[in-house]
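For reference, the structure is listed below as C-alpha coordinates.
No experiment lies behind these values; they were computed from the predicted model shown. Below, read A as the first sequence line, B as the second, and so on, with proteins coming before strands; counting in each chain starts at 1.
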Amino acid sequence: MEDVGIDEAYLDVTDIPETNEEITGRIKAGIKEKTGLTCSIGIASNKLLAKIASDMQKPDGVTVLMEADVETKLWPLPVRKLYGIGPKTEEHLKGINIETIGQLAALPLEKLLEHFGNSYGQYLYEAARGMDESPLVTHWEPKSFSRETTFQEDVRDWQVIARTLADLSKEVVQDMQGHRYKARTITIKIRFSDFETFTRAMTISDYTDSEEEIRKSAFACLKRIELKKKVRLVGVRASNLIALWACGINRPAY
DNA sequence: TCTGGGGTCCTAGGACCC
DNA sequence: TCTGGGGTCCTAGGACCC
(Lines give C-alpha, C1' and ligand atoms only; values in the text may rest on other atoms or scores of the structure.)
Protein backbone atom coordinates (compact mmCIF):
# COMPACT_ATOMS: atom_id res chain seq x y z
CA MET A 1 0.00 0.00 0.00
CA GLU A 2 1.13 3.53 -0.79
CA ASP A 3 -0.21 6.31 1.39
CA VAL A 4 -1.15 9.47 -0.47
CA GLY A 5 -1.96 12.13 2.05
CA ILE A 6 -4.66 11.82 4.64
CA ASP A 7 -7.47 10.09 2.78
CA GLU A 8 -6.03 8.34 -0.26
CA ALA A 9 -3.96 5.28 -0.95
CA TYR A 10 -2.89 3.00 -3.76
CA LEU A 11 -3.09 -0.73 -3.20
CA ASP A 12 -1.36 -3.29 -5.35
CA VAL A 13 -3.79 -6.19 -5.42
CA THR A 14 -2.02 -8.10 -8.17
CA ASP A 15 -1.43 -11.10 -5.99
CA ILE A 16 -4.66 -11.04 -4.00
CA PRO A 17 -6.63 -14.19 -4.94
CA GLU A 18 -10.03 -12.50 -4.82
CA THR A 19 -12.31 -10.91 -7.38
CA ASN A 20 -12.55 -7.13 -7.74
CA GLU A 21 -15.96 -7.29 -6.10
CA GLU A 22 -14.63 -9.17 -3.11
CA ILE A 23 -11.68 -6.83 -2.66
CA THR A 24 -13.62 -3.59 -3.01
CA GLY A 25 -16.40 -4.98 -0.82
CA ARG A 26 -13.92 -5.77 1.90
CA ILE A 27 -12.27 -2.33 1.70
CA LYS A 28 -15.57 -0.49 1.73
CA ALA A 29 -16.93 -2.54 4.63
CA GLY A 30 -13.72 -2.02 6.60
CA ILE A 31 -13.68 1.73 6.10
CA LYS A 32 -17.37 1.98 6.90
CA GLU A 33 -16.96 -0.01 10.07
CA LYS A 34 -13.94 1.92 11.34
CA THR A 35 -14.94 5.45 10.30
CA GLY A 36 -18.59 5.42 9.28
CA LEU A 37 -17.54 6.87 5.92
CA THR A 38 -18.03 5.77 2.36
CA CYS A 39 -15.22 5.80 -0.17
CA SER A 40 -14.71 5.70 -3.91
CA ILE A 41 -12.45 3.15 -5.51
CA GLY A 42 -10.80 2.97 -8.91
CA ILE A 43 -9.50 -0.30 -10.28
CA ALA A 44 -6.99 -0.15 -13.08
CA SER A 45 -3.79 -1.49 -14.51
CA ASN A 46 -1.71 1.38 -13.16
CA LYS A 47 -1.79 4.18 -10.61
CA LEU A 48 -2.59 6.95 -13.08
CA LEU A 49 -5.74 5.24 -14.35
CA ALA A 50 -6.75 4.04 -10.88
CA LYS A 51 -6.60 7.61 -9.59
CA ILE A 52 -8.74 8.92 -12.42
CA ALA A 53 -11.14 6.00 -12.09
CA SER A 54 -11.58 6.59 -8.37
CA ASP A 55 -12.82 10.07 -9.21
CA MET A 56 -15.37 8.99 -11.80
CA GLN A 57 -18.20 7.88 -9.48
CA LYS A 58 -17.71 10.11 -6.54
CA PRO A 59 -19.57 9.18 -3.45
CA ASP A 60 -19.27 5.50 -2.73
CA GLY A 61 -18.44 4.24 -6.23
CA VAL A 62 -16.32 1.56 -7.81
CA THR A 63 -14.98 2.19 -11.31
CA VAL A 64 -12.93 -0.14 -13.45
CA LEU A 65 -10.72 1.52 -16.04
CA MET A 66 -8.53 -0.74 -18.11
CA GLU A 67 -6.17 0.06 -20.94
CA ALA A 68 -8.85 -1.02 -23.41
CA ASP A 69 -11.13 1.70 -22.00
CA VAL A 70 -8.72 4.56 -22.61
CA GLU A 71 -10.30 5.68 -25.88
CA THR A 72 -13.89 5.52 -24.72
CA LYS A 73 -13.59 6.57 -21.09
CA LEU A 74 -10.39 8.61 -20.74
CA TRP A 75 -10.21 10.56 -23.96
CA PRO A 76 -13.58 12.34 -23.64
CA LEU A 77 -12.58 13.81 -20.25
CA PRO A 78 -11.31 17.39 -19.87
CA VAL A 79 -7.51 17.63 -19.58
CA ARG A 80 -7.85 18.93 -16.03
CA LYS A 81 -8.85 15.40 -14.94
CA LEU A 82 -5.37 14.15 -15.72
CA TYR A 83 -3.16 13.92 -12.67
CA GLY A 84 -0.43 16.54 -13.02
CA ILE A 85 -2.48 19.01 -15.04
CA GLY A 86 -3.40 22.03 -12.95
CA PRO A 87 -4.95 25.41 -13.77
CA LYS A 88 -1.84 26.76 -15.53
CA THR A 89 -1.39 23.84 -17.88
CA GLU A 90 -5.13 23.73 -18.50
CA GLU A 91 -4.99 27.37 -19.62
CA HIS A 92 -1.90 26.78 -21.73
CA LEU A 93 -3.62 23.87 -23.48
CA LYS A 94 -6.79 25.84 -24.01
CA GLY A 95 -4.63 28.41 -25.76
CA ILE A 96 -3.69 25.83 -28.37
CA ASN A 97 -7.24 24.51 -28.61
CA ILE A 98 -6.75 21.41 -26.52
CA GLU A 99 -9.56 20.74 -24.07
CA THR A 100 -9.94 16.98 -23.80
CA ILE A 101 -7.48 14.24 -22.98
CA GLY A 102 -8.17 12.74 -26.41
CA GLN A 103 -7.12 15.98 -28.11
CA LEU A 104 -4.00 15.97 -25.96
CA ALA A 105 -3.25 12.41 -27.03
CA ALA A 106 -3.53 13.49 -30.65
CA LEU A 107 -0.59 15.89 -30.28
CA PRO A 108 2.74 14.63 -31.55
CA LEU A 109 5.46 14.19 -28.96
CA GLU A 110 7.66 16.90 -30.51
CA LYS A 111 4.89 19.44 -30.06
CA LEU A 112 4.50 18.55 -26.39
CA LEU A 113 8.24 18.76 -25.79
CA GLU A 114 8.26 22.16 -27.47
CA HIS A 115 5.49 23.53 -25.30
CA PHE A 116 6.21 21.86 -22.00
CA GLY A 117 9.86 20.87 -21.91
CA ASN A 118 11.43 17.45 -21.94
CA SER A 119 10.29 16.06 -18.64
CA TYR A 120 6.74 17.33 -18.45
CA GLY A 121 6.18 17.01 -22.19
CA GLN A 122 7.11 13.35 -22.07
CA TYR A 123 4.88 12.86 -19.06
CA LEU A 124 1.88 14.42 -20.81
CA TYR A 125 2.48 12.29 -23.89
CA GLU A 126 2.29 9.11 -21.85
CA ALA A 127 -0.39 10.20 -19.40
CA ALA A 128 -2.79 11.12 -22.20
CA ARG A 129 -2.50 7.50 -23.35
CA GLY A 130 -3.12 6.14 -19.88
CA MET A 131 0.48 4.98 -19.70
CA ASP A 132 2.12 4.89 -16.28
CA GLU A 133 4.68 2.49 -14.93
CA SER A 134 5.39 4.26 -11.67
CA PRO A 135 5.72 1.78 -8.83
CA LEU A 136 3.99 1.87 -5.49
CA VAL A 137 6.12 3.82 -3.05
CA THR A 138 5.64 2.15 0.29
CA HIS A 139 8.52 3.86 2.04
CA TRP A 140 10.06 7.24 1.43
CA GLU A 141 12.38 9.73 3.09
CA PRO A 142 11.38 13.35 3.65
CA LYS A 143 13.17 15.92 1.49
CA SER A 144 12.35 18.91 3.67
CA PHE A 145 10.63 20.12 6.83
CA SER A 146 8.82 23.43 6.84
CA ARG A 147 6.44 25.67 8.73
CA GLU A 148 4.66 28.74 7.47
CA THR A 149 1.99 31.01 8.80
CA THR A 150 -0.34 33.64 7.45
CA PHE A 151 -1.04 36.59 9.71
CA GLN A 152 -4.59 37.45 10.68
CA GLU A 153 -3.77 40.91 9.38
CA ASP A 154 -0.92 42.01 7.16
CA VAL A 155 2.06 43.05 9.26
CA ARG A 156 4.39 46.01 8.95
CA ASP A 157 6.17 45.68 12.33
CA TRP A 158 9.59 44.08 11.86
CA GLN A 159 9.54 42.82 15.47
CA VAL A 160 6.47 40.73 14.78
CA ILE A 161 7.97 39.31 11.61
CA ALA A 162 11.22 38.51 13.40
CA ARG A 163 9.50 36.81 16.32
CA THR A 164 7.36 34.75 13.95
CA LEU A 165 10.43 33.71 12.00
CA ALA A 166 12.10 32.61 15.23
CA ASP A 167 9.01 30.65 16.33
CA LEU A 168 8.74 28.91 12.97
CA SER A 169 12.44 28.08 13.02
CA LYS A 170 11.96 26.46 16.41
CA GLU A 171 9.03 24.36 15.17
CA VAL A 172 10.95 23.22 12.11
CA VAL A 173 13.88 22.23 14.29
CA GLN A 174 11.67 20.29 16.67
CA ASP A 175 10.02 18.45 13.81
CA MET A 176 13.38 17.71 12.26
CA GLN A 177 14.89 16.53 15.55
CA GLY A 178 11.84 14.38 16.22
CA HIS A 179 12.39 12.63 12.93
CA ARG A 180 16.14 12.58 13.49
CA TYR A 181 17.33 14.57 10.51
CA LYS A 182 19.80 17.39 10.07
CA ALA A 183 19.73 19.96 7.28
CA ARG A 184 22.18 22.10 5.34
CA THR A 185 19.86 24.46 3.50
CA ILE A 186 17.51 26.95 5.13
CA THR A 187 14.96 28.79 3.02
CA ILE A 188 12.62 31.52 4.13
CA LYS A 189 9.52 32.68 2.37
CA ILE A 190 7.90 36.09 2.54
CA ARG A 191 4.57 36.87 0.98
CA PHE A 192 3.47 40.49 0.84
CA SER A 193 -0.05 41.86 1.04
CA ASP A 194 -0.26 41.96 -2.75
CA PHE A 195 0.57 38.23 -2.82
CA GLU A 196 4.01 38.82 -4.29
CA THR A 197 6.15 36.05 -2.84
CA PHE A 198 9.89 35.83 -2.35
CA THR A 199 12.17 33.07 -1.14
CA ARG A 200 15.76 33.36 0.05
CA ALA A 201 17.93 30.34 0.68
CA MET A 202 21.22 29.72 2.37
CA THR A 203 23.31 26.57 2.39
CA ILE A 204 25.77 26.07 5.22
CA SER A 205 28.81 23.83 5.15
CA ASP A 206 27.77 21.37 7.85
CA TYR A 207 24.49 19.57 8.49
CA THR A 208 22.80 20.97 11.57
CA ASP A 209 19.78 20.57 13.79
CA SER A 210 20.76 23.41 16.09
CA GLU A 211 17.93 25.84 16.71
CA GLU A 212 20.32 28.74 17.08
CA GLU A 213 22.12 28.00 13.85
CA ILE A 214 18.94 27.59 11.88
CA ARG A 215 17.36 30.71 13.34
CA LYS A 216 20.50 32.69 12.51
CA SER A 217 20.44 31.40 8.94
CA ALA A 218 16.78 32.33 8.65
CA PHE A 219 17.55 35.85 9.83
CA ALA A 220 20.46 36.13 7.42
CA CYS A 221 18.02 35.29 4.66
CA LEU A 222 15.48 37.78 5.97
CA LYS A 223 18.06 40.55 5.70
CA ARG A 224 18.21 39.92 1.97
CA ILE A 225 14.56 40.83 1.43
CA GLU A 226 13.52 44.43 1.41
CA LEU A 227 10.43 44.74 3.60
CA LYS A 228 8.85 47.63 1.80
CA LYS A 229 5.29 46.35 1.91
CA LYS A 230 3.08 44.78 4.54
CA VAL A 231 3.79 41.11 5.07
CA ARG A 232 1.05 38.49 4.85
CA LEU A 233 2.99 35.26 5.32
CA VAL A 234 6.33 34.06 6.56
CA GLY A 235 7.74 30.58 6.25
CA VAL A 236 10.85 28.58 7.12
CA ARG A 237 12.05 25.43 5.40
CA ALA A 238 14.95 23.12 6.11
CA SER A 239 16.12 20.92 3.24
CA ASN A 240 19.20 19.17 1.94
CA LEU A 241 18.66 16.62 4.68
CA ILE A 242 20.67 13.82 6.12
CA ALA A 243 19.14 11.07 8.26
CA LEU A 244 20.94 10.66 11.55
CA TRP A 245 19.83 7.06 11.81
CA ALA A 246 21.57 6.41 8.51
CA CYS A 247 24.93 6.91 10.20
CA GLY A 248 24.58 4.50 13.09
CA ILE A 249 22.18 6.41 15.31
CA ASN A 250 18.91 4.84 16.38
CA ARG A 251 15.90 5.15 14.12
CA PRO A 252 12.99 7.09 15.54
CA ALA A 253 9.80 5.24 16.40
CA TYR A 254 7.15 7.00 14.39
C1' DT B 1 -13.09 29.43 -6.85
C1' DC B 2 -10.27 30.93 -3.20
C1' DT B 3 -7.33 30.42 0.96
C1' DG B 4 -4.07 27.89 3.98
C1' DG B 5 -0.31 24.63 5.24
C1' DG B 6 2.42 20.79 4.19
C1' DG B 7 4.99 18.82 0.62
C1' DT B 8 7.54 17.34 -4.32
C1' DC B 9 9.63 18.10 -8.70
C1' DC B 10 11.42 20.91 -12.47
C1' DT B 11 13.87 24.74 -14.76
C1' DA B 12 17.05 28.37 -15.61
C1' DG B 13 20.90 30.94 -14.53
C1' DG B 14 25.18 31.72 -12.17
C1' DA B 15 29.47 30.33 -9.90
C1' DC B 16 33.04 27.33 -9.87
C1' DC B 17 36.10 23.46 -11.17
C1' DC B 18 38.80 20.53 -14.31
C1' DT C 1 45.29 34.69 -21.00
C1' DC C 2 41.44 33.18 -23.65
C1' DT C 3 37.96 29.80 -25.36
C1' DG C 4 35.27 25.72 -24.94
C1' DG C 5 33.03 21.69 -23.00
C1' DG C 6 31.35 19.05 -19.21
C1' DG C 7 30.03 18.61 -14.63
C1' DT C 8 28.41 19.99 -9.89
C1' DC C 9 26.32 22.91 -6.61
C1' DC C 10 23.37 26.59 -5.29
C1' DT C 11 19.46 29.83 -5.73
C1' DA C 12 14.86 31.53 -7.00
C1' DG C 13 10.66 30.78 -8.77
C1' DG C 14 6.82 28.15 -10.54
C1' DA C 15 3.52 24.28 -11.10
C1' DC C 16 1.31 20.77 -8.98
C1' DC C 17 -0.71 17.61 -5.31
C1' DC C 18 -3.53 16.54 -0.95
Side-chain angles (χ1 to χ4, degrees), chain A residues 1-10 37 39-40 42 47-48 50-52 54-55 58 78-95 104 112-127 132 134-137 139-155 164-165 167-169 171-176 178-179 181 183-207 217-218 220-226 231-242 254:
Chain A
M1 184 178 103
E2 172 180 345
D3 256 311
V4 190
I6 194 171
D7 65 348
E8 279 191 24
Y10 293 104
L37 299 170
C39 67
S40 295
K47 286 163 62 179
L48 178 78
K51 166 76 175 158
I52 292 167
S54 74
D55 204 50
K58 237 345 196 175
V79 290
R80 192 58 219 274
K81 290 285 179 185
L82 213 51
Y83 182 89
I85 294 187
K88 297 294 180 179
T89 306
E90 181 187 27
E91 272 310 298
H92 188 150
L93 287 169
K94 193 177 274 177
L104 183 62
L112 288 169
L113 299 182
E114 240 172 69
H115 278 270
F116 299 102
N118 270 323
S119 169
Y120 192 44
Q122 185 70 41
Y123 170 79
L124 290 177
Y125 181 84
E126 289 171 16
D132 170 32
S134 63
L136 254 69
V137 179
H139 177 77
W140 86 108
E141 301 296 333
K143 301 279 195 311
S144 66
F145 294 94
S146 71
R147 287 290 183 281
E148 62 184 52
T149 188
T150 299
F151 295 116
Q152 293 286 332
E153 289 180 3
D154 298 340
V155 170
T164 306
L165 199 66
D167 290 345
L168 294 171
S169 298
E171 286 182 43
V172 166
V173 165
Q174 284 171 348
D175 195 10
M176 199 167 62
H179 289 83
Y181 281 85
R184 273 186 63 218
T185 303
I186 306 302
T187 307
I188 70 155
K189 174 159 129 185
I190 296 284
R191 173 127 76 212
F192 292 104
S193 45
D194 59 1
F195 237 73
E196 207 183 0
T197 306
F198 296 88
T199 64
R200 288 294 179 269
M202 179 176 171
T203 298
I204 55 182
S205 53
D206 294 313
Y207 291 100
S217 302
C221 289
L222 181 62
K223 272 201 201 136
R224 295 196 273 138
I225 298 182
E226 199 195 341
V231 171
R232 175 157 307 176
L233 170 152
V234 300
V236 176
R237 172 182 306 269
S239 59
N240 214 337
L241 304 176
I242 190 169
Y254 66 87

Expressed as a whole number of angstroms, how long is the span from A:Y181:OH to B:dG6:P? 18 Å
Should the pair A:D55-A:K81 be classified as a salt bridge under the 4.0 Å nitrogen-to-oxygen rule? yes
Remember a base hit wins even if backbone is also touched, and classify A:T187 as base, sugar-phosphate or nothing at under 4.0 Å, heavy atoms. nothing
Nucleotide by nucleotide, nucleotides 8-17 of chain B touches protein heavy atoms under 4.0 Å in the pattern (B base, S sugar-phosphate only, - none) BSSS------
Tell me the partner of B:dC18, counting only Watson-Crick (N1-N3 plus N6-O4 or O6-N4) or G-U wobble (N1-O2 and O6-N3) with both under 3.5 Å; none if nothing fits. C:dG5
Under a 4.5 Å cut-off applied to non-hydrogen side-chain atoms, are A:F145 and A:L241 in contact? yes
In whole Å, I'd like the distance from the NZ atom of A:K47 to the C1' atom of C:dC18. 14 Å
Is it possible for you to check whether A:R200 lies under 6.0 Å from the centre of the six-membered ring of A:F198, through NZ or CZ, and within 45° of that ring's axis? no
If we count only N and O atoms by modelled type, under 3.5 Å, do the side chains of A:R237 and A:S144 hold a donor and an acceptor together? yes
Which residues in residues 189-196 of chain A have at least one heavy atom lying under 4.0 Å from any atom of DNA chain C? none
Is there a donor-acceptor pair under 3.5 Å between the side chain of A:E2 and the backbone N or O of A:V137? yes
Within 45° of the axis and under 6.0 Å from the centre of the six-membered ring of A:Y83, does NZ or CZ of A:K51 qualify? no
Ring geometry between A:Y123 and A:Y120 (parallel below 30°, tilted from 30 to 60°, perpendicular above 60°): parallel
From CZ of A:R80 across to C1' of C:dC18 the rounded distance in Å is 13 Å
Given atom CG of A:L168 and atom C1' of B:dG4, what is their separation to the nearest angstrom? 14 Å
Short side-chain to backbone donor-acceptor contact, A:N240 and A:A183, under 3.5 Å: no
Do we see a donor-acceptor contact under 3.5 Å between the side chains of A:T187 and A:T199? no
Side-chain N,O (A:R147) to OP1/OP2 (B:dG6) below 4.0 Å: yes
Rounded distance (Å) that lies between atom P of C:dC18 and atom CD1 of A:I52: 11 Å
Regarding A:R232, tell me which of base, sugar-phosphate or nothing describes its non-hydrogen contacts under 4.0 Å with the strands shown. nothing
